[in-house]
Amino acid sequence: MPGTRTTTGHFTFADWQERVIGPGEDATPRLAHASVRNAFTGGIEAAGTICEYTIVYVTAKTGSFSGMELLTGRVEGREGSFAVEERGFFDEDGTVRCTFEVVPGSGSGELTGLAGKGDFTARHGETAVAYRFAYEVAEGSGRTELRGSA
C-alpha cells in the first residue's frame, strides 16, 4: 500500500490487574477482566498506556482475549494519541499472540488520520515484548514529510 511505513520496538507491562468475572476462579470456561498499563519504546513511544482486556480462559492456561488500548506519545516523531483494538490468544506454554488495529478516527494531534495494523508475540518470562506496526497518516494530517514507502 503506497505511503505505508513499518516501525518496530518493544513494550513492557508496567502494571497488570486481573479479576475473575465469572463463574469462579477454578471454573472453565471463565471470564476475566484485566486493566493494564504498558510502556512502549522504539517507533512507538508511549509511557503508561491505558488498556482494558476481556479474557476467556478455556482451560487453566489457554484462552483468548480482546481489548482496547489508548496510547499517548509519538509514532516515529509524530506527537498525539490514538486507540487500538486488540485480539489474541494464549497457549498452554504461556505464549501470547496478538494482532491490533488502529480504531478509525481515533488519531489526534500529528497522528490525526492515522491508520495501521500491528502484531506481537509474547513468550512467558519475557520482560520486553517486540512489536511490529505498519501504518500511514492521511494526506493533509500532521507532518507530511514522514509519508512515503518503507
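- Between Phe65 and Phe90, the ring planes are parallel. Angles under 30° get that label, and only those over 60° would be called perpendicular.
- With sequence neighbours left out, the side chain to side chain donor-acceptor pair (under 3.5 Å) criterion links Arg87 to no other residue.
- Remark: the Glu52 side chain and the Ser35 side chain contain an N/O donor-acceptor pair separated by less than 3.5 Å.
- Ring geometry for Tyr135 against Phe133 counts as parallel: the plane angle stays under 30°, on a 0 to 90° scale with 60° as the upper cut.
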Checklist entry - Should Val75 and Leu111 be marked as a side-chain contact (heavy atoms from CB on, under 4.5 Å) after you check the CA-CA gap, both sets of side-chain angles, and the distance that decides it? => result CA-CA 8 Å; Val75 176; Leu111 298 174; 3.9 Å; yes
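- Surrounding CD of Glu126 are more than 12 heavy atoms belonging to other residues, nucleotides or ligands, all under 6.0 Å away.
- Remark: Thr12 engages Ala39, Ala128 in a side-chain contact (heavy atoms from CB on, under 4.5 Å) (not counting sequence neighbours).
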Item to check | Working for side-chain contact (heavy atoms from CB on, under 4.5 Å), residues Val129 and His10 | outcome: CA-CA 5 Å; Val129 178; His10 290 83; 5.9 Å; no
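- Taking 4.5 Å as the limit, every side-chain heavy atom of Ile44 sits out of range of all side-chain heavy atoms of Arg74.
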Next on the checklist: Working note: Met68 + Glu86, criterion side-chain contact (heavy atoms from CB on, under 4.5 Å); need CA distance, chi angles, decisive distance, verdict.
Outcome noted: CA-CA 6 Å; Met68 296 287 196; Glu86 303 179 20; over 6 Å; no
Next on the checklist: Apply side-chain contact (heavy atoms from CB on, under 4.5 Å) to residues Tyr131 and Asp119 and explain how you reach the verdict.
Outcome noted: CA-CA 6 Å; Tyr131 66 82; Asp119 61 71; over 6 Å; no
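- Side-chain atoms of His33 and Glu18 form no donor-acceptor pair, as typed in the model, at a separation below 3.5 Å.
- Here the side chain of Asp93 pairs a donor or acceptor atom with the backbone of Thr95 at under 3.5 angstrom.
- The pair Arg5-Glu76 meets the salt-bridge criterion, since a charged nitrogen lies less than 4.0 angstrom from a carboxylate oxygen.
- The shortest side-chain heavy-atom distance between Val103 and Val84 does not fall under the 4.5 Å cut-off.
- You'll find the side chain of Phe120 reaches within 4.5 Å of the side chain of Val96, heavy atoms only.
- Side chain of Thr62 to backbone of Asp91: no donor-acceptor contact under 3.5 angstrom is found.
- In this structure a side-chain-to-backbone donor-acceptor pair under 3.5 Å is present from Ser106 to Ala83.
- In summary, the side chains of Glu69 and Tyr53 do not present any donor paired with an acceptor at a separation below 3.5 Å, with no hydrogens or angles considered.
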